[in-house]
Protein chains: 2
Amino acid sequence: MSIREIPDIVVGRLPVYLRALTRMAQDGQLITSSKELGERLGISSAQIRKDLSHFGEFGKQGTGYQILYLVEQLQRILHTEAEWQVALVGVGDLGRALANYNGFANRGFRITAVFDNDPAKVGTTIAGMPVLDSSQIVDEIRARGLRIVMLAVPAGRAQEIANRLVEAGVRAILNYAPINLTVPKEVQVQYIDPVIHLQRMTFYVT
Amino acid sequence: MSIREIPDIVVGRLPVYLRALTRMAQDGQLITSSKELGERLGISSAQIRKDLSHFGEFGKQGTGYQILYLVEQLQRILHTEAEWQVALVGVGDLGRALANYNGFANRGFRITAVFDNDPAKVGTTIAGMPVLDSSQIVDEIRARGLRIVMLAVPAGRAQEIANRLVEAGVRAILNYAPINLTVPKEVQVQYIDPVIHLQRMTFYVT
DNA sequence: TAGATTGTTAATCGATTAACAATC
DNA sequence: TAGATTGTTAATCGATTAACAATC
């Protein structure tokens, strides 16, 4: 297999596979098959095998996949064997919840810097970290070499801050503000907006 | 246009169009084109016109789309003209942030019931609502006729609660627990897991 | 061996896009 | 009228699936 372009849609499924496999491992399961994993995820077994085949051969005919081995391989493929340090901008209710969320650590991420522009919050401590002033975003992110940021500020401020994150060399932004960001194409953006998901569902609910 | 099946992927883009159009309207803009909207969203103009064509004709040649009219139509299509009452299960940090989030109201949703199984939380007030005991989920949701639930409980409890939500007649679950739920096919499920999005991005970040 | 399951090929299916007549 | 943009068709592109040889 040569240096082939991996479809985005395939990349998008890998973390879902990883999450399900990790859970199986936690439950003490050692081996699974594309059939079993597919049934659990509502995906065809052929699709799982095809997706994995973009990256190598990880299974054994007649047997299936060693879960721990496949987990390792997916972590390597997704670049999450080592822990990423992540900055958080915006310490409202949501930002606070993210800072305190303990589900990041064992999946490859750790929030190590938090920013807010509210003078009443700057200098206080959240999840053991001092809240830094948003004016220091560029300097601090550069100094710490951070590449990934979670953005939990109001919609009206998101684009302006995104611009500064790009300036600081950030490569990936997880945007919780309900607004589309414009960034250079080498910067990854993912969106989390619960209303989008709710509206997707209400289409089908009468 | 007859009773044709609308592709899921099309339905998934409509809320994104709606969000962008709503923002344009807030900015005082009256008219837009598929070209302008597409550029803002990073989508081709042809795709936007094709998507909308599943539901009717909303534009005018040479001119484009009346933003307010298109917003109304999308709200109608997505079934969000009237406000949906939503239940929230799980009042940890995240649940609390959701209960206090003021971005739901003007987009068609309102949390009107909150549940938790922690005796220390039951009976307290969150965002003006009493925290109800999780043991009452089925009865309360049935009594109030709720159809949509946000699930913000630990992964280990999510499937069990989902089962009870299904029993209570819930039709749509927005699941924040990092685990795949198994539900009957007539029940909609959407997932929000920040780590999935982060891992999708780190694939591209070296 | 018999049964199970992989990785891969080719066929099918579905989504996106280019192009353009219609028309504002 | 000239320019712009829609809605739609047909072509292209890409993703999913069925099927099966290989083999554990």
Side-chain angles (χ1 to χ4, degrees), chain A residues 1-17 20-21 24 29-74 77 185 200 203, chain B residues 1-17 20-21 24 29-74 77 185 200 203:
Chain A
M1 197 197 29
S2 60
I3 321 162
R4 206 159 67 254
E5 194 66 23
I6 310 294
D8 279 357
I9 197 160
V10 171
V11 175
R13 281 190 293 261
L14 299 182
V16 179
Y17 299 163
L21 291 163
M24 288 178 178
Q29 196 176 337
L30 296 178
I31 288 180
T32 189
S33 65
S34 58
K35 180 161 177 289
E36 183 187 44
L37 185 58
E39 280 165 3
R40 199 185 268 232
L41 298 177
I43 287 180
S44 80
S45 64
Q47 179 159 86
I48 291 172
R49 295 198 301 279
K50 185 80 150 97
D51 285 352
L52 295 177
S53 76
H54 286 96
F55 304 97
E57 308 190 352
F58 307 112
K60 191 179 281 188
Q61 283 107 323
T63 308
Y65 302 89
Q66 290 276 150
I67 291 174
L68 287 178
Y69 176 71
L70 189 49
V71 163
E72 259 175 33
Q73 293 303 308
L74 286 171
I77 292 165
K185 65 181 181 322
R200 252 183 115 138
F203 175 83
Chain B
M1 197 197 29
S2 60
I3 320 162
R4 206 157 69 257
E5 194 66 22
I6 310 293
D8 279 359
I9 197 161
V10 171
V11 174
R13 282 190 292 261
L14 299 182
V16 178
Y17 299 164
L21 291 163
M24 287 178 178
Q29 196 176 339
L30 297 176
I31 287 180
T32 189
S33 64
S34 58
K35 180 161 177 287
E36 182 186 45
L37 185 58
E39 280 165 3
R40 198 185 271 230
L41 298 177
I43 288 179
S44 80
S45 64
Q47 180 159 84
I48 290 172
R49 295 198 302 278
K50 186 79 150 95
D51 285 352
L52 295 177
S53 75
H54 286 96
F55 304 97
E57 308 190 355
F58 307 112
K60 191 178 280 187
Q61 283 106 324
T63 309
Y65 302 89
Q66 290 277 148
I67 291 174
L68 287 178
Y69 176 70
L70 189 49
V71 163
E72 260 175 32
Q73 294 303 308
L74 286 172
I77 292 165
K185 66 180 181 321
R200 251 183 117 140
F203 175 83

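So you know, we letter chains A, B, ... as the sequences are listed, proteins then strands, and number each from 1.
Under the salt bridge (Lys or Arg N to Asp or Glu O under 4.0 Å) criterion, E57(B) pairs with no residue, sequence neighbours left out. For Q73(A), the side chain to side chain contact (heavy atoms under 4.5 Å, CB included) partners are F58(A), Y69(A), R76(A), not counting sequence neighbours. Under the side chain to side chain contact (heavy atoms under 4.5 Å, CB included) criterion, V10(B) pairs with I6(B), P7(B), R13(B), D51(B), H54(B), F55(B), sequence neighbours left out.
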In sequence, state the C-alpha distance, the side-chain angles, and the governing distance for L74(B) and L52(B), and then conclude on side chain to side chain contact (heavy atoms under 4.5 Å, CB included).
CA-CA 9 Å; L74(B) 286 172; L52(B) 295 177; 4.2 Å; yes
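Note that CD of Q66(B) and CD1 of I31(B) are 4.5 Å apart. Values are rounded to the nearest 0.5 Å. Between atom CG of residue L70(B) and atom CD of residue E72(B) there is a gap of 10.0 Å, rounded to the nearest 0.5 Å. Interatomic distance, CD1 of I9(A) versus CG of L14(A), reported as 11.5 Å (0.5 Å rounding).
Across every non-hydrogen atom of F203(B) and I77(A), the tightest pair is CD1-O, 3.4 Å. The shortest heavy-atom contact between V71(B) and L21(B) is CG2-CB, 3.7 Å.
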Under a 3.5 Å cutoff on both atom distances, Watson-Crick or G-U, what's the dot-bracket for DNA chain D ([ ] crossing, | other strand)?
..||||||||||||||||||||||
For residues 32-43 of chain B, which side-chain N or O atoms pair as donor and acceptor with protein atoms under 3.5 Å away, sequence neighbours left out?
| from | atom 1 | to | atom 2 | distance (Å) |
| --- | --- | --- | --- | --- |
| T32(B) | OG1 | E36(B) | OE1 | 2.3 |
| S33(B) | OG | K35(B) | N | 3.4 |
| S33(B) | OG | E36(B) | N | 3.1 |
| S34(B) | OG | R49(B) | NH1 | 3.0 |
| E36(B) | OE1 | Q29(B) | NE2 | 2.7 |
| E36(B) | OE2 | Q29(B) | NE2 | 3.2 |

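Listed by residue number, the members of residues 58-72 of chain B with any heavy atom below 4.0 angstrom from DNA chain D are F58(B), G59(B), K60(B), Q61(B), G62(B), T63(B), G64(B), Y65(B). Listed in residue order, the members of residues 34-41 of chain A having a heavy atom less than 4.0 Å from DNA chain C are S34(A).
First and last contacts of DNA chain D with chain A, using any nucleotide atom under 4.0 Å from a protein heavy atom and ordered 5' to 3', fall at dA15(D) to dC24(D).
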